[in-house]
Q: 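Below you will find the structure I want to go over with you.
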There are 2 protein chains.
Amino acid sequence: MKDVAKLAGVSPITVSRVLNRPEIVATGTAERVREVIERTGYVPNLLAGGLASRKTKFVAAIVPAISNQVFSEAIQSLTDRLWESGYQVLLGTSGYPASREEDLLAAILSRRPDGIFLTGISHSAESCRRLVTANVPIVEVWDLTPTPIDMLVGFSHENVGHAVAEHLLGRGYVRFGVISADDARAEVRRKAFLSHLSTRGIADLSTVLVPAPSSFRLGREGLGRLLEEAHLPLAVFCSSDTLAHGVLAEARSRRISVPGNLGIVGFGDLDFAAHTFPPLSTVRIDRTAIGRRAADALLGRIEGKDVERIADIGFQVIERGTT
Amino acid sequence: MKDVAKLAGVSPITVSRVLNRPEIVATGTAERVREVIERTGYVPNLLAGGLASRKTKFVAAIVPAISNQVFSEAIQSLTDRLWESGYQVLLGTSGYPASREEDLLAAILSRRPDGIFLTGISHSAESCRRLVTANVPIVEVWDLTPTPIDMLVGFSHENVGHAVAEHLLGRGYVRFGVISADDARAEVRRKAFLSHLSTRGIADLSTVLVPAPSSFRLGREGLGRLLEEAHLPLAVFCSSDTLAHGVLAEARSRRISVPGNLGIVGFGDLDFAAHTFPPLSTVRIDRTAIGRRAADALLGRIEGKDVERIADIGFQVIERGTT
DNA sequence: CGGAAATTTGTTATCGCTATCATATTCCAA
DNA sequence: TTGGAATATGATAGCGATAACAAATTTCCG
C-alpha cells in the first residue's frame, strides 16, 4: 500500500480510502490511485485491515455436515446473500453429534468473525459462555426456542410432530410407527408425534432408532425391524426423506402396498422426494429461506439495525403418494 | 496476550510460544500460562498472528455451487482432512458458469489463504495471473490437464466419454443419444463419447443440451426432446445422475422399457442412483478422495514437502439396471 | 568443578493496515 | 476581499501478534 501511495503521489491512508470509502476521496485522486493499483496488481491485505478496523468481513458457519443436502442448501443461500454485501463464509463442520463444536468454536472465534451462523440451539455450556463473551452477532437456525443466544431463524420441530400425526390420522391410519435417527431435533419431532397421538387415545406404537446420519440402507433395515414388532396396516413417520426412501424400497421388495397397507412420511422434501414411486409425502422446510434470513439477520445486526430476534419460518406437510 | 503474560509472570512471546510451539517452553512455565489462559478466557487473535507470521491456517475453496452433492462431498472431506491439521476452510461459490470467480478470487486473495482449492481447470486469464502472482499452493480438481497452475487432483472426462461409449457398445446398443448440461466438463465427456462412437462407424446420434445446473425436470424434458429426433431402441448418456433420473421417470411414464428399449447412463453415482427402479447405471467418481487428496496435496506443499503435482483418481463405470 | 552446549526466556522491530485527529484546500455568501 | 463551513488529504499511533536475534539459565561431561 505504501508503494502504491508513493507511485500515486498520495499518502497510504488515501489509498486505503479509495479502497474502502471512495466517496470521500476526490474523483481525480481516486482515479489516479486506482490506475496504480491496476498497474501494479496490488492486492490489499484484509488481515491487516481487519486487525486495524476490527471488521473482518466474514461470517463463520457451523453445520453438522455439509454433505447433507439440508444444510448445504442453507449454506448456499447464506453464502450468496452475504456475498452481495461483501462478506464471505468460513465453513466449519461439527459432526454428528456435534463432537467438534467446542474446538471448532474456539478456532473460529480466534479469527474474529463479524457474525456466526450456528446450526441448532443446544450447545455446550462452555460454548455458550464463549459465544456470549465474544459479543458478536449470532444466529442459530433449524430450531425454535424462546431463549436464543442472540438471534434465531427456525421452525418448531414439535409442531412438525403434531402436524404429521394429524395428517396421518386424517388419512385414516390407526397404527403408527417411527423410524428416527438418533438426533436431538428428530427426537423432538418423534416425541411430539407420539404425544399428539396419545392425546387421541393411541398409545400403541413402535419406535426404531437408527444412528445418525441416516441413510437409505438404514431406512430399509429400519422397516424390517419395525415390522418385527408392529403389524400392517401401519403409518411410519421417518426422521428424514433418506430413511423414508429406504423404507419405501423395502416395502416394495416385501410387496407391501403403499400407501394402502403402509403409509410413509419423510422429512425434508429433498430433491428426490417428489420423484420416488409413489412420490413421497414429507415435510418441507424452506432451506433457502433459512440461509437468506439468517444472512439478513446477521447483516442487520452488524450494521447496528434493530432486527427481530426470532423468526419462525414454519414448514409444510406435503401430501404426495405415500400417505 | 500482554495481560496473560503479566498475570503469568512471563513475557508475551512466551505466551505465544505456549500456544504455538509448546515443546520449546519449560513444562512448568507452560502450565502456569495455560492456567491463566483458562482462567481469563483469553482468545488469541489469529488475524494478528497471521499478519505477523504470514500463516493464516486456512484454505480457500471455490466450487460452482455447494448445494450440488458432487461438490459438497468433496468439500466435506477437504474440510475434515484439513481440520486434522489445524486448518479451516473459507468457502466461495462461483456459480454456473463461474461468473463470480474473478471477484471471488480477488476477495479471497486479500485474506492471504495458505492454500487454494479450485474446481475446474479453466479460469480467466486475469484469474490465472493473480493466482500465479499470489505464490500460494493451489490445487485444481475435477479435471485433468498436463499443465495445472500448481497441483491437480482429478480424472479424465475424455476417458469417461470413451468408457461409457465402450460400455454401451458392449451392451449391444446401436443408436445413441446424449442429454448434457451446458457445462465445460460435460461437454468434454460428450465430445469424447461421440468421437469414440464415430471411430466405430456410428455417426448417427442426437444431442440435447440443457442449461446448467441440471435437474430432474430437465431430464424428463430432455428425453422428450431427444425422442423427437431419435427413435428407439436407443442408449442415452446423461451428463449427470440427476438428468438420468428424470430420463428414467419420463421413460416410465411413456412406458418405454428400460433397459430393453432405452439404455440410460448417468454420471456421478449420487446417493439415489443405486435406488432408482431399475437402479441407474452410472459413472462413479470418488468425491471423498478428491477432497482428501487435495487437502493432502495442499498440506504437503505448505509444509514444503515434495508432492506429486498431478493425481489421476480415475473413475468407474457402474453397470446397474438401466443398461 | 569449569566451561561449552543445550535449553529457556526476553527484547526489539516489524507485519500492513485504519482510527483519530490535524491540517490544507476549496467554496461561497456577505 | 474575507472568514467560516465543507471538502480533501496527511501525520501519528496503534491493532495483537510473531520473527529474529540476544541473553540468561540449566545441563552435562571430562
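Letters A, B, ... mirror the listed sequences (proteins, then strands); counts begin at 1.
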Q: Taking only Lys NZ, Arg NE, NH1 and NH2, and the carboxylate oxygens of Asp or Glu, determine whether A/Glu31 and A/Arg34 approach each other closer than 4.0 Å.
A: no
Q: The side chain of A/Asn20 is closest to which nucleotide in this list: C/dT18, D/dC15, C/dC17?
A: C/dT18
Q: Pick the nucleotide of DNA chain C nearest each of B/Val10 and B/Leu51; which residue has the one closer to the 5' end?
A: B/Val10
Q: Taking the minimum atom-to-atom distance to the side chain of A/Ile13, which one of C/dG16, C/dT20, C/dG10 wins?
A: C/dT20
Q: Give a yes/no on whether any side-chain N or O of B/Thr14 is located under 4.0 angstrom from OP1 or OP2 of C/dG10.
A: yes
Q: B/Arg21 side chain N/O closer than 4.0 Å to the phosphate oxygens (OP1, OP2) of D/dT18?
A: no
Q: Can you tell me how far C1' of D/dG16 sits from CG of A/Leu46, to the nearest Å?
A: 16 Å
Q: A/Met1 has an atom CE; how far is it from atom P of D/dC15, in whole Å?
A: 19 Å
Q: Using a heavy-atom cut-off of 4.0 Å across all strands, would you classify A/Pro12 as base, sugar-phosphate, or nothing?
A: nothing
Q: Starting from C1' on C/dC17, measure out to OH on A/Tyr42 and report it in whole angstrom.
A: 7 Å
Q: Between atom CD of A/Glu73 and atom CD1 of A/Ile285, what is the distance when rounded to the nearest 0.5 Å?
A: 12.0 Å
Q: From A/Phe71 CZ over to A/Leu78 CG, what is the distance, rounded to the nearest 0.5 angstrom?
A: 13.5 Å
Q: Taking the basic N atoms (NZ, or NE/NH1/NH2) and the acidic carboxylate oxygens, is any pair closer than 4.0 Å for A/Asp150 and A/Arg301?
A: yes
Q: Find the distance B/Arg54:CZ to D/dA20:P and express it as a whole number of Å.
A: 10 Å
Q: For the pair made of CG in A/Leu109 and P in D/dG16, what is the distance, rounded to whole Å?
A: 15 Å
Q: Determine: side-chain N/O of B/Ser11 to OP1/OP2 of C/dG10, distance under 4.0 Å, yes or no.
A: yes
Q: I want to verify a distance call: between C/dT11, D/dC15, D/dA17, whose nearest atom is closest to the B/Ser16 side chain?
A: D/dA17
Q: Just say parallel, tilted or perpendicular for the rings of B/Trp142 and B/His157, cut-offs at 30° and 60°.
A: tilted
Q: If I take atom CG in residue B/Asn45 and atom C1' in nucleotide C/dT18, what distance separates them, rounded to the nearest angstrom?
A: 15 Å
Q: Report the distance from atom CZ of A/Arg111 to atom P of D/dG16, rounded to the nearest whole Å.
A: 17 Å
Q: Of all the choices, C/dT9, D/dA17, D/dC15, which nucleotide is nearest to the side chain of A/Ala52 once you look at every atom?
A: D/dC15
Q: Would you mind telling me which residue lines up with the more 5' stretch of DNA chain C, A/Lys55 or B/Ile24, judged by nearest nucleotide?
A: B/Ile24
Q: Which of these nucleotides, C/dT9, D/dT9, D/dA17, is closest to any side-chain atom of A/Thr29?
A: D/dT9
Q: At under 4.0 Å between heavy atoms, what does B/Arg17 touch on the DNA or RNA strands: base, sugar-phosphate, or nothing?
A: base
Q: Take atom NZ of B/Lys2 and atom C1' of C/dT11, then tell me their distance rounded to the nearest Å.
A: 14 Å
